[in-house]
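Everything quoted here is computed from the prediction, not taken from an experiment. Every chain is numbered from 1, with letters handed out A, B, ... down the list of sequences.
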Protein chains: 2
Amino acid sequence: MRTRQAVEVLAALGQETRLDIFRHLIQAGPAGLPAGEIAARLKVPLATLSFHLQHLKHARLARSQKRGKLVIYSANFTTVDRLIGYLLHDCCGRPRTGLEVCGEAARESKPASKSVSGEADS
Amino acid sequence: MRTRQAVEVLAALGQETRLDIFRHLIQAGPAGLPAGEIAARLKVPLATLSFHLQHLKHARLARSQKRGKLVIYSANFTTVDRLIGYLLHDCCGRPRTGLEVCGEAARESKPASKSVSGEADS
DNA sequence: CTTACGCTTCTACAATACTGGAACTATGAG
DNA sequence: CTCATAGTTCCAGTATTGTAGAAGCGTAAG
């Protein structure tokens, strides 16, 4: 993933409403959700929702397909994977390997264990 | 990492100038870089740079320390790690495991190999 | 003390983004 | 065909963000 696209994806997710929408799409899995359903769940006017959905589509974070008069939106997981790849390699490949970071990430989801790395957290 | 903070970090990195600054900080490693040096490298006016640096600090993506009359900025790797953790678990923990994603990310950095997953890329 | 330097804060302006009502388009039911 | 439903696009209006000159604040050297 190029930096230019990374900026676009990061900016797309760096907005509360949009990240909320995206999380709902993830929850819904590959089956996706119709726009109206998302609007109802998030209590966002359809026009506003549509605006953000176009944004997510443009960043390749969401896909849409028509089913009757519904428009079903679903998350594009590969874009997130690529973003993570970008963060791991282009940004943070210097001080440690991706697997190490994955290890740290995995550790974070567990209750708690004595921190292994010595880095403080400002 | 809470969603609220994730939005902040994503937004902080979702801006070209700021991502550029951050990448330079990463390149510089733990030693960091003085503000003026960053401004010179990126050819950004000091006032503009300072604005973005405060932004990065607020998102806990950068730290600063004074050394004489220099202000040295350095990247806070753990925040990126946590962001990745958030993306892996809170966002994308549904369809596959973190290690799988790490595998995909690792694969992406190599020249090219026949795509293993069947997912299309819209 | 005075000056130079490095950086931040102040300030104003331009650009961009977010929001949501209203009008419009497409699909399906009666 | 007519009507209802689902979404998108249009169009303000408002808010937020990005940019950068100018002034201000420390620090250190002369």
Side-chain angles (χ1 to χ4, degrees), chain A residues 3-25 28 31-75 122, chain B residues 3-25 28 31-75 122:
Chain A
T3 296
R4 186 61 56 88
Q5 198 199 340
V7 168
E8 197 167 8
V9 175
L10 287 162
L13 293 178
Q15 209 278 344
E16 213 171 333
T17 308
R18 261 182 328 250
L19 186 54
D20 255 13
I21 295 171
F22 188 69
R23 289 171 66 211
H24 273 76
L25 291 181
L33 284 175
E37 176 63 23
I38 305 172
R41 291 195 191 179
L42 300 186
K43 285 169 190 149
V44 169
L46 262 175
T48 300
L49 182 88
S50 212
F51 170 84
H52 289 300
L53 284 174
Q54 301 321 308
H55 226 288
L56 289 172
K57 273 183 73 172
H58 189 78
R60 293 170 174 275
L61 281 163
R63 271 192 276 258
S64 68
Q65 72 191 92
K66 300 198 71 171
R67 269 237 249 167
K69 52 182 169 183
L70 301 181
V71 180
I72 313 284
Y73 282 86
S74 55
S122 97
Chain B
T3 296
R4 187 60 56 88
Q5 198 198 341
V7 167
E8 197 166 9
V9 174
L10 287 162
L13 293 178
Q15 208 278 344
E16 215 172 332
T17 307
R18 263 183 325 252
L19 186 55
D20 256 14
I21 294 170
F22 187 70
R23 289 171 65 211
H24 273 76
L25 291 181
L33 284 175
E37 175 65 22
I38 305 172
R41 290 195 191 180
L42 299 186
K43 285 167 191 150
V44 169
L46 262 175
T48 300
L49 183 87
S50 211
F51 169 83
H52 289 298
L53 284 174
Q54 301 321 309
H55 226 288
L56 289 172
K57 271 183 74 171
H58 189 77
R60 294 172 173 274
L61 280 163
R63 269 191 277 258
S64 67
Q65 72 191 92
K66 300 197 72 172
R67 269 238 249 165
K69 52 182 166 182
L70 300 180
V71 179
I72 312 285
Y73 281 87
S74 55
S122 97

query = With sequence neighbours excluded, what pairs up with A:Ser64 under the side-chain hydrogen bond (donor to acceptor under 3.5 Å, both in side chains) test?
reply =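 A:Ser64: side-chain hydrogen bond (donor to acceptor under 3.5 Å, both in side chains) contacts with A:Lys57.
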
Would you kindly give the [atom1]-to-[atom2] distance between [X] and [N], to the nearest whole Å?
| X | N | atom1 | atom2 | answer |
| --- | --- | --- | --- | --- |
| B:Ile72 | D:dG26 | CD1 | P | 20 Å |
| B:Leu19 | D:dG18 | CG | P | 13 Å |
| A:Leu42 | C:dC18 | CG | P | 15 Å |
| A:Lys57 | D:dG7 | NZ | C1' | 11 Å |
| A:Leu33 | D:dA6 | CG | C1' | 15 Å |
| B:His58 | D:dG18 | NE2 | C1' | 17 Å |

message = Pair B:Val7, B:Arg4 - check side-chain contact (heavy atoms from CB on, under 4.5 Å), show working.
response = CA-CA 5 Å; B:Val7 167; B:Arg4 187 60 56 88; 5.5 Å; no

inquiry  = Quick check on contacts: within residues 5-17 of chain B, what sits under 4.0 Å from DNA chain D by heavy-atom distance?
reply    = B:Gln15, B:Thr17

Presence of A:Arg67 side-chain N/O under 4.0 Å of D:dA6 phosphate oxygens OP1/OP2 =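 Indeed not, no polar side-chain atom of A:Arg67 lies that close.
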
task = Would you tell me if any nitrogen or oxygen in the side chain of A:Tyr73 comes within less than 4.0 Å of OP1 or OP2 on D:dA6?
result = no

request  = For DNA chain C, find the residues of residues 44-54 of chain A with a heavy-atom distance under 4.0 Å and give them by number; none if there aren't any.
outcome  = A:Pro45, A:Ala47, A:Thr48, A:Phe51, A:His52

Pairwise distance CG(A:Leu42) to CD(A:Glu16) - rounded to 0.5 angstrom = 11.0 Å

Test log, rule salt bridge (Lys or Arg N to Asp or Glu O under 4.0 Å), inputs A:Glu8 and A:Arg60 = CA-CA 9 Å; A:Glu8 197 167 8; A:Arg60 293 170 174 275; over 6 Å; no

ask   = If you look at every heavy atom in A:Ala35 and A:Leu53, which pair is closest and at what distance?
value = CB-CD1, 4.2 Å

Where A:Ile72 and A:Gly32 come nearest, the two heavy atoms and their spacing = CG2-C, 3.9 Å

message = Taking the nucleotide of DNA chain C with the nearest heavy atom to each, does A:Lys69 or A:His55 sit closer to the 5' end?
response =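 Looking at the nearest nucleotide for each, A:His55 comes out on the 5' side.
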
query = Of A:Arg18 and A:Lys66, whose nearest nucleotide on DNA chain C comes first from the 5' end?
reply =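 Its nearest nucleotide being more 5', the pick is A:Arg18.
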
task = Could you please spell out the steps behind the side-chain contact (heavy atoms from CB on, under 4.5 Å) verdict for B:Val44 and B:Asp20?
result = CA-CA 11 Å; B:Val44 169; B:Asp20 256 14; over 6 Å; no

ask   = Pick from B:Leu61, B:Leu33, B:Leu13, B:Leu56: which one makes a side chain to side chain contact (heavy atoms under 4.5 Å, CB included) with B:Ile21?
value =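 When B:Leu61, B:Leu33, B:Leu13, B:Leu56 are each tested with B:Ile21, the side chain to side chain contact (heavy atoms under 4.5 Å, CB included) holds only for B:Leu56.
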
query = Could you walk me through whether B:His52 and B:Gln15 pass the side-chain contact (heavy atoms from CB on, under 4.5 Å) check?
reply = CA-CA 9 Å; B:His52 289 298; B:Gln15 208 278 344; 3.8 Å; yes

